[in-house]
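Have a look at the structure below, then the notes.
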Amino acid sequence: MIHLRKITEDNFLDAFQLKLAVEQENYVSHPIRSLAQAYVYREQCQPFGIYNGNEMVGYVMVIYDYDIPEYDIWHMMIDSSKQGKGYGSAALKEVMNYIRTKPFGTSNKVTLTCNRNNQSALHLYHRAGFVETGANDGDEIELSQIIYPSGIQKN
């Protein structure tokens, strides 16, 4: 069963052990970099280990952008040895459930970016109801969706 656990002093080293496939290293930041960003943005973000039972199989960070306002999903990744098992889809559902609790602010908007060449991630996000906004930054495209507490999604 996939679930999220906050990154703490008890599990941050496990996040450092996660590996991306070589071809994915240009698509997603490693948790080491992401945790440095989490420290800087500590008042508005929460990094998580993605767990299958007691094993960390991935990493994701949720950050709240007070300027827009919106929730952003940063650096979601599943260890290369654990991919293809549905963990990404299950983890994304858990992330969205966390965001529905509005831990940092009242926005219903959730945004993420994805490298346009990362077709498996794009497929995952489209399947989960994210739509491309038309904004991009180089090879990164922005996707967004509006969520509601009841689980009803409107794009």
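Sequential numbering from 1 along the given sequence is applied to the chain's residues.
In terms of heavy-atom proximity, Tyr51 sits nearest to Arg5 at CE2-NH1, 3.3 Å. Shortest non-hydrogen contact noted between Ser89 and Arg127 is OG-NH2, 2.7 Å. The shortest non-hydrogen separation linking Met61 to Ala38 is SD-CB, 3.4 Å. Taking all atoms of both residues into account, the shortest heavy-atom contact from Thr133 to Ser144 is CG2-CB, 3.6 Å.
Taking CH2 of Trp74 as the reference point, atom OG of Ser29 lies at 9.5 Å (rounded to 0.5 Å). Here CG of Asp79 is found 11.0 Å from CG of Asp14. Values are rounded to the nearest 0.5 Å. In this structure, the separation between CD1 on Ile141 and CD on Glu132 is 4.0 Å, given to the nearest 0.5 Å. In this structure, Ile50 CD1 and Lys82 NZ are separated by 13.5 Å, a value rounded to the nearest 0.5 Å. Separating the NE2 atom in His123 from the CG atom in Asn118 is a distance of 12.5 Å, to the nearest 0.5 Å. Atom-to-atom distance recorded for Thr111:OG1 and Ile68:CD1 is 6.5 Å, nearest 0.5 angstrom.
Cluster membership check: Leu4 shares its hydrophobic cluster with Met96, using side-chain heavy-atom separations under 4.5 Å among Ile, Leu, Val, Met, Phe, Trp and Tyr. Note on Tyr64 and Met76: same hydrophobic cluster, where clusters join Ile, Leu, Val, Met, Phe, Trp and Tyr whose side-chain heavy atoms are under 4.5 Å apart, directly or indirectly. Follow the hydrophobic side-chain contacts under 4.5 Å out from Tyr98 and you never reach Ile63; the two are in separate clusters. Under the 4.5 Å side-chain heavy-atom criterion for Ile, Leu, Val, Met, Phe, Trp and Tyr, Phe12 and Val28 are members of the same hydrophobic cluster. Neither Leu18 nor Leu124 shares a network with the other; the hydrophobic side chains, linked directly or stepwise wherever heavy atoms of I, L, V, M, F, W or Y lie under 4.5 Å apart, form separate groups for each.
Within the 4.5 Å cutoff, no side-chain heavy atoms of Ser81 are placed close to those of Lys19. Looking at Ile73 and Val60, their side chains come closer than 4.5 Å, going by heavy atoms from C-beta outward. Side-chain contact between Val95 and Phe48 is absent, with no heavy atoms from C-beta onward closer than 4.5 Å. Side-chain contact between Gln145 and Val131 is absent, with no heavy-atom pair separated by less than 4.5 Å. Within the 4.5 Å cutoff, the side chain of Leu35 has heavy atoms near those of the Ile7 side chain. A 4.5 Å side-chain heavy-atom check between Gln24 and Met77 finds every atom pair outside the cut-off. Counting heavy atoms from C-beta on, the side chains of Pro103 and Gln46 never come closer than 4.5 Å. At least one side-chain heavy atom of Cys114 sits under 4.5 Å from a side-chain heavy atom of Leu143.
Checking side-chain atoms of Asn11 against main-chain N and O of Thr8 turns up a donor-acceptor pair under 3.5 Å. Judged by distance alone, the side chain of Arg100 and the main-chain N or O of Ile147 form no donor-acceptor pair under 3.5 Å. With hydrogens and angles disregarded, no donor-acceptor distance shorter than 3.5 Å links the side chain of Glu23 to the backbone of Leu20. Panel note: side chain His126, backbone Leu122; a donor-acceptor pair is recorded below 3.5 Å.
In summary, the side chains of Ser107 and Tyr71 do not present any donor paired with an acceptor at a separation below 3.5 Å, with no hydrogens or angles considered.
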Could you go through the side chain to side chain donor-acceptor pair (under 3.5 Å) check for Thr113 and Glu142 one step at a time? CA-CA 4 Å; Thr113 61; Glu142 183 181 86; over 6 Å; no

Gln37 and His75: side chain to side chain donor-acceptor pair (under 3.5 Å), yes or no, with the steps? CA-CA 11 Å; Gln37 289 174 313; His75 312 298; 2.7 Å; yes

Side chain to side chain donor-acceptor pair (under 3.5 Å), that's the test. Do Asn117 and Tyr27 meet it? Break it down for me. CA-CA 8 Å; Asn117 297 317; Tyr27 299 158; 5.1 Å; no

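Remark: Phe104 CZ is packed, more than 12 non-hydrogen atoms of other residues, nucleotides or ligands lying under 6.0 Å away.
With respect to Ile99, the side chain to side chain contact (heavy atoms under 4.5 Å, CB included) criterion is satisfied by exactly one of Asn108, Val110, Asp72: Val110.
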